[in-house]
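Below, read A as the first sequence line, B as the second, and so on, with proteins coming before strands; counting in each chain starts at 1. If you're wondering where the values come from, they're calculated on a predicted model, not measured in any experiment.
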2 protein chains.
Amino acid sequence: MFMGERCERVDTQQIETLLKVIPEAESISKMAAVFQALQSDTRLKILFLLRQKEMCVCELEQALEVTQSAVSHSLRTLRQLDLVRVRREGKFTVYFIADEHVRMLIEMCLEHVEEKT
Amino acid sequence: MFMGERCERVDTQQIETLLKVIPEAESISKMAAVFQALQSDTRLKILFLLRQKEMCVCELEQALEVTQSAVSHSLRTLRQLDLVRVRREGKFTVYFIADEHVRMLIEMCLEHVEEKT
DNA sequence: TGAACATATGAACAGTTGTTCATATATTAA
DNA sequence: TTAATATATGAACAACTGTTCATATGTTCA
């Protein structure tokens, strides 16, 4: 089938209505950025660690066995999307999960992948 | 700080305990795959469309203004992760959202990105 | 002050991804 | 059968990502 043609199932009017209900382009691309951040093993592990206890970069580095640089880059990504937040504590920078949405997101996804028989 | 050293905040014992509680490697990488699938504008739009009504490939193609091939590839990705499911209906292949987890995932994420001031 | 610790950032490279083009398969209707 | 429609798949290429290395910034304490 060539582009522009329509199969008999297509109701152009209805499709336009459906398109009006989906989130606007900006929201979609923000969501894509969030999911993109959640798509890395390292960043997921960070979130599952922070879910238990807020931690400084140094602790995460030790737990994850990757370089300090990698941890820091990952944390920046998560921070920029407001998935984690920061607090200074003397010479340490302590990271923690931003809010319940984030907890729910990883919880939902975990249930989904573990649900299969 | 060099790799292998520990800052004074690190409690090696505690970190091992925390690591035991995070999901096993296989679950983490499955989750990463799911989030990876949700990280594309096209696939997100597909899910927001299917959330409203099950649709055949042809309808999605028309709604999204990308090639039929691109839609089909995207759908395969979503299908393989059980985010959408398929039903044959004559010469049409009808796709629909797999389950409530998927609806929750995109809903949670949408709330998160739209919540900001 | 300066030395040591803690974290952040830029550059660069290997690996991965999404799209399109071309083509194959599957279903229906004639 | 054959033609037309509907969908899937493989190859290929540009664009993007995560990691590391090297280095910069920020903080504490002596």
Atom-pair distance ([atom1] on [X]; [atom2] on [N]), nearest Å:
X	N	atom1	atom2	result
A:Asp41	C:dT16	CG	C1'	14 Å
B:Leu38	C:dT17	CG	P	14 Å
A:Leu60	D:dT19	CG	P	13 Å
A:Leu75	C:dT9	CG	P	11 Å
B:Glu8	C:dA4	CD	P	16 Å
A:Phe35	D:dC16	CZ	C1'	19 Å
B:Leu44	C:dT17	CG	C1'	15 Å
A:Phe92	C:dA4	CZ	P	17 Å

Query raised in the report: Does one side chain, of A:Arg87 or A:Tyr95, offer a donor that lies under 3.5 Å from an acceptor on the other?
Result: no
Can you see if the side chain of [X] gets near the phosphate of [N] - specifically, an N or O under 4.0 Å from OP1 or OP2?
X	N	result
A:Arg79	C:dT9	yes
B:Tyr95	D:dA8	yes
B:Gln39	C:dG18	yes

**Report entry** Nucleic acid footprint by protein, nucleotides 19-30 of chain C - heavy-atom cut-off 4.0 Å, B for base, S for sugar-phosphate alone
**Finding:** SBBB----SS--
Requested in this report: Before giving the answer on salt bridge (Lys or Arg N to Asp or Glu O under 4.0 Å), spell out for A:Lys91 and B:Glu8 the whole-Å C-alpha distance, their side-chain angles and the decisive distance to 0.1 Å.
Outcome: CA-CA 11 Å; A:Lys91 62 179 172 180; B:Glu8 67 198 55; 3.5 Å; yes
Query raised in the report: Using a cut-off of 4.0 Å on non-hydrogen atoms, how would the nucleic acid contact of A:Ser72 be classed: base, sugar-phosphate, or nothing?
Result: base
Requested in this report: Would you mind telling me which of C:dT9, C:dT7, D:dA8 lies closest to the side-chain atoms of A:Arg76?
Outcome: C:dT9
Requested in this report: Could you tell me whether A:Asp82 and A:Arg85 have a side-chain N and a carboxylate O separated by less than 4.0 Å?
Outcome: yes
Query raised in the report: Starting at the 5' end of DNA chain D, which residue's closest nucleotide do you reach first, B:Val57 or A:Gln36?
Result: B:Val57
Query raised in the report: Taking the six-membered ring for Trp, are B:His101 and A:His112 parallel (under 30°), tilted (30 to 60°) or perpendicular (over 60°)?
Result: perpendicular
Nearest heavy-atom neighbours spanning [X] and [Y]:
X	Y	value
A:Ile97	A:Leu47	CD1-O, 3.6 Å
A:Phe48	B:Ile28	CD1-CD1, 3.7 Å
A:Ala98	A:Val102	CB-CG2, 4.5 Å
B:Cys56	B:Glu59	N-OE1, 2.9 Å

Query raised in the report: For the helix from C:dT1-D:dA30 to C:dA30-D:dT1, what angle lies between the axis at the first five pairs and the axis at the last five pairs, to 10 degrees?
Result: 30°
Query - Hphob cluster co-occupancy, A:Leu19 + A:Val10, side-chain heavy atoms under 4.5 angstrom - result: yes
